[in-house]
S.K.: 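Encoded as structure tokens, here's the structure I'll be asking about.
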There are 2 protein chains.
Amino acid sequence: MVKRASMSDVARVAGVSLTTASRALNGVGRVSAETRARVIETAERLQFQPDMLARSFVTGRSFIVGVLAESALGRFSMPLIMGATNYLGRENIATVTLDAQGTPRILNEYLKRLRARRIDGLLVVGDDPNRASLVLSEDFAVPVVFASSSATPETDYVVAPDNRGAGQAAAEHLIGLGRRHIAHVTAAVHDPAVDARVEGFTAAMESAGMPIAMGGPLYGSYLQRWGMDAGERILDSGKPVDAIFAANDEIAIGLFATFHRHGIRVPDDIAIIGYDNRLAGVMRPDDPLSTFDPELTTVGERAAERLLDVIGGTNTPGITYVQPRFVEGRSTTGPTLEPYDVL
Amino acid sequence: MVKRASMSDVARVAGVSLTTASRALNGVGRVSAETRARVIETAERLQFQPDMLARSFVTGRSFIVGVLAESALGRFSMPLIMGATNYLGRENIATVTLDAQGTPRILNEYLKRLRARRIDGLLVVGDDPNRASLVLSEDFAVPVVFASSSATPETDYVVAPDNRGAGQAAAEHLIGLGRRHIAHVTAAVHDPAVDARVEGFTAAMESAGMPIAMGGPLYGSYLQRWGMDAGERILDSGKPVDAIFAANDEIAIGLFATFHRHGIRVPDDIAIIGYDNRLAGVMRPDDPLSTFDPELTTVGERAAERLLDVIGGTNTPGITYVQPRFVEGRSTTGPTLEPYDVL
DNA sequence: CTGAAAGCGCTTACAG
DNA sequence: CTGAAAGCGCTTACAG
């Protein structure tokens with residue numbers, strides 16, 4: 001292991017001062033073209049790599065950002081965080097990942113640590129950024145970007161999936177297929193992400209001049225069980241329904257199970273769209289379920305990208321939306337789905 | 001934003017030299033008990049936090065480790081990497097995540113970067129650590145730990161799931177249930193992880209003095225389609241089979257689909273065990289499929305823990321195995337599984 | 001356009 | 001047990 005060349009070495013060999021070497025290598029300040037060329041050539045010959053630790057120390061830029069998650073190992077946080085750290089890695093930025101685990105005490109402890117590391121910025125991942133926002137006191141003034149599925153004050157820097165747009169797209173897809181009695185089986189009330197999908201769906205139905213089947217969205221839970229029950233309720237009602245937008249894939253599959261049991265064909269009789277693309281990564285010839293992929297990895301990437309922009313001073317507050325990707329599957333475009341297909 | 005106290009501030013206020021302050025605060029060298037107490041008290045009063053950038057600069061320890069993945073966003077790498085970064089974050093270690101994407105050129109570029117950052121260690125995530133091993137040249141001498149599902153030379157530091165143990169446990173579970181004609185439907189040949197499961201399974205069957213049904217493991221692919229075909233092949237053979245260990249959940253589900261179509265009940269007639277716990281995180285009252293959870297997050301944690309030990313000089317080479325967790329589901333312990341249950 | 005020098009905030013021989 | 005001083009490898013006023 002040979003000792004690495006320092007900038008002084010480069011300067012000495014190139015016959016210039018350390019000051020000039022620094023300027024030439026960093027491309028700042030006035031240096032004659034020939035001097036610059038000579039220094040750069042020398043640096044390459046010596047395989048000079050600037051010591052980032054020294055640079056960080058003197059500039060105060062650590063090239064490290066914090067990633068603060070409510071629950072880093074959660075099903076939704078994970079791809080988002082990975083998208084972010086992967087992007088940051090490509091940009092040669094390190095991350096320190098901290099799981100707040102809900103308690104403000106831990107959060108405060110973590111913020112102290114991050115301050116000691118002089119992080120360049122902070123990415124907050126989770127659905128309740130307001131809480132984190134509160135704790136981010138004045139004396140910890142680094143750029144903060146929120147990656148979240150819920151809406152937040154317009155004064156923050158936020159990146160989130162466009163749940164509203166997805167709801168709208170779902171309605172439009174079903175309408176475009178010629179369906180006329182479209183229901184919406186959603187989950188819990190007061191989940192911002194779910195609410196936004198309801199909104200978008202409702203808006204699209206209204207502008208198509210089409211009432212929502214079953215008299216409006218049916219609220220329940222996130223479970224497959226609720227989808228099965230909702231299916232029964234729809235069939236019992238006797239009301240015409242030929243398409244359903246479900247709040248997630250579990251509900252969609254529950255609906256399908258009930259319909260199949262009753263001999264109702266999907267999509268022939270009733271088309272179904274889910275949400276989450278839960279079966280992503282399972283290799284199969286075709287997608288059984290029409291659904292939306294929230295592209296959480298992309299959300300993470302965009303959030304990281306934006307954080308670097310804020311750090312660089314070239315960004316203004318507001319929400320950036322990432323469009324969920326519609327996955328066209330057999331539950332809307334056929335052929336008729338069999339249970340084995342969805343396994 | 002008030003200026004943070006430096007160690008000099010603490011020294012001055014406490015009436016000692018910078019040297020003494022440093023020693024008192026770090027607990028090294030000889031300092032009288034009272035002096036130490038005074039310095040520590042002063043530091044707390046001034047809310048002193050040592051500047052890690054300065055410390056890193058002088059000690060050369062960056063408190064940053066590299067995470068080099070073959071495919072960071074892959075289904076298996078993701079939980080592993082998150083487990084590692086999460087553990088490291090708790091220990092106040094930052095990570096720079098790099099996705100090698102297979103090409104040695106990119107890999108070399110990344111290693112140069114990591115050297116410039118003076119990382120303390122490197123975690124290599126992926127199934128082909130040997131390749132990375134090759135590129136990790138002599139002059140980049142930092143501790144390296146491999147987190148992988150395949151075996152590697154005993155001279156390396158490796159953390160991996162105990163695939164062999166899982167194969168063994170699968171056979172033992174089925175034998176314990178009283179099954180006597182146990183087959184093994186596996187995937188591709190020459191996948192080290194899958195091979196190890198075959199080995200463990202075979203060993204357990206041998207020590208129970210029980211031949212493998214169907215004359216030995218059936219090799220195919222990772223797809224559900226293969227499971228369906230294998231099911232047909234088993235039924236066509238006319239040979240007695242009352243239990244199957246499948247190499248993954250896709251295959252297990254394919255087997256189930258075929259059996260159900262033919263009126264064969266699971267687990268009553270044939271019990272099935274899968275692998276991967278692919279349905280983890282899907283909320284349901286009971287687990288439909290008996291399977292193994294590879295605990296990849298734990299593998300990542302252990303690998304990170306071990307890396308810190310190697311960096312600290314308190315570890316010796318060898319493989320650490322993480323035991324996959326058996327998930328007991330209805331496909332081995334009933335009641336009879338219906339397609340809707342597995343959806 | 002170029003350079004001598006100060007300084008970032010610590011750790012650590014070295015001397016007492 | 002304690003302290004004065006050097007040094008880690010850069011950046012950046014300041015002066016020429």
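In what follows, chains are A, B, ... by sequence order, proteins preceding strands, each numbered from 1. It should be emphasised that the depicted structure is a prediction, and the values quoted were computed from it without experimental measurement.
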S.K.: Taking Watson-Crick (N1-N3 plus N6-O4 or O6-N4) and G-U wobble (N1-O2, O6-N3), each under 3.5 Å, can you produce the dot-bracket string of DNA chain C? Use [ ] for crossing pairs and | for inter-strand ones.
M.R.: |||.||||||||.|||
S.K.: Would you indicate what B/Thr35 reaches in the nucleic acid, counting non-hydrogen atoms under 4.0 angstrom: base, sugar-phosphate, or nothing?
M.R.: sugar-phosphate
S.K.: CD of B/Glu91: more than 12 outside heavy atoms within 6.0 angstrom?
M.R.: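 Buried by this count: over 12 neighbours within 6.0 Å.
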S.K.: Under a 3.5 Å cutoff, is there a donor and acceptor pairing between the side chains of B/Thr19 and B/Ser22?
M.R.: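 B/Ser22 and B/Thr19 do not have a side-chain donor-acceptor pair below 3.5 Å.
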S.K.: Salt bridge or not for B/Glu41 and B/Arg45, using N-O below 4.0 Å?
M.R.: yes
S.K.: Take the protein atom CZ of A/Arg12 and the nucleotide atom P of C/dG3, then report the distance between them rounded to whole Å.
M.R.: 15 Å
S.K.: Taking the side chain as everything from C-beta on, heavy atoms only, tell me whether A/Leu308 gets closer than 4.5 Å to A/Ile93.
M.R.: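 When only atoms from C-beta onward are counted, A/Ile93 and A/Leu308 do touch, with a gap below 4.5 Å.
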S.K.: State, to 0.1 Å, how close A/Leu123 and A/Ala303 come at their nearest heavy-atom pair, and which atoms those are.
M.R.: CD1-CB, 3.7 Å
S.K.: Should A/Phe63 and A/Asn92 count as side-chain neighbours, where that means a heavy-atom distance under 4.5 Å?
M.R.: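 Heavy-atom side-chain distance check fails, nothing below 4.5 Å.
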S.K.: Below 4.5 Å, heavy atoms only, C-beta onward: do B/Leu114 and B/Leu98 meet side chain to side chain?
M.R.: yes
S.K.: What is the distance from CZ of B/Arg61 to C1' of C/dG9, rounded to the nearest Å?
M.R.: 18 Å
S.K.: Just jot down the side chain to side chain donor-acceptor pair (under 3.5 Å) partners of A/Arg118, sequence neighbours excluded, or say none.
M.R.: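 For A/Arg118, the residues satisfying side chain to side chain donor-acceptor pair (under 3.5 Å) (neighbours in sequence not counted) are B/Asp51.
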S.K.: Give the rounded distance in Å between these two atoms: CD of B/Glu34 and P of D/dC1.
M.R.: 11 Å
S.K.: Heavy atoms under 4.0 Å is the rule here; annotate nucleotides 10-16 of chain C 5' to 3' with B where the base is hit, S where only the sugar-phosphate is, and - elsewhere.
M.R.: BBBB---
S.K.: For B/Arg118 and for A/Thr20, locate the closest nucleotide of DNA chain D by heavy-atom distance; then report the residue assigned to the nucleotide nearer the 5' terminus.
M.R.: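 The residue mapped nearer the 5' terminus is B/Arg118.
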S.K.: Taking 4.0 Å as the cut-off, does a side-chain nitrogen or oxygen of B/Ser17 come that near to OP1 or OP2 on D/dG3?
M.R.: yes
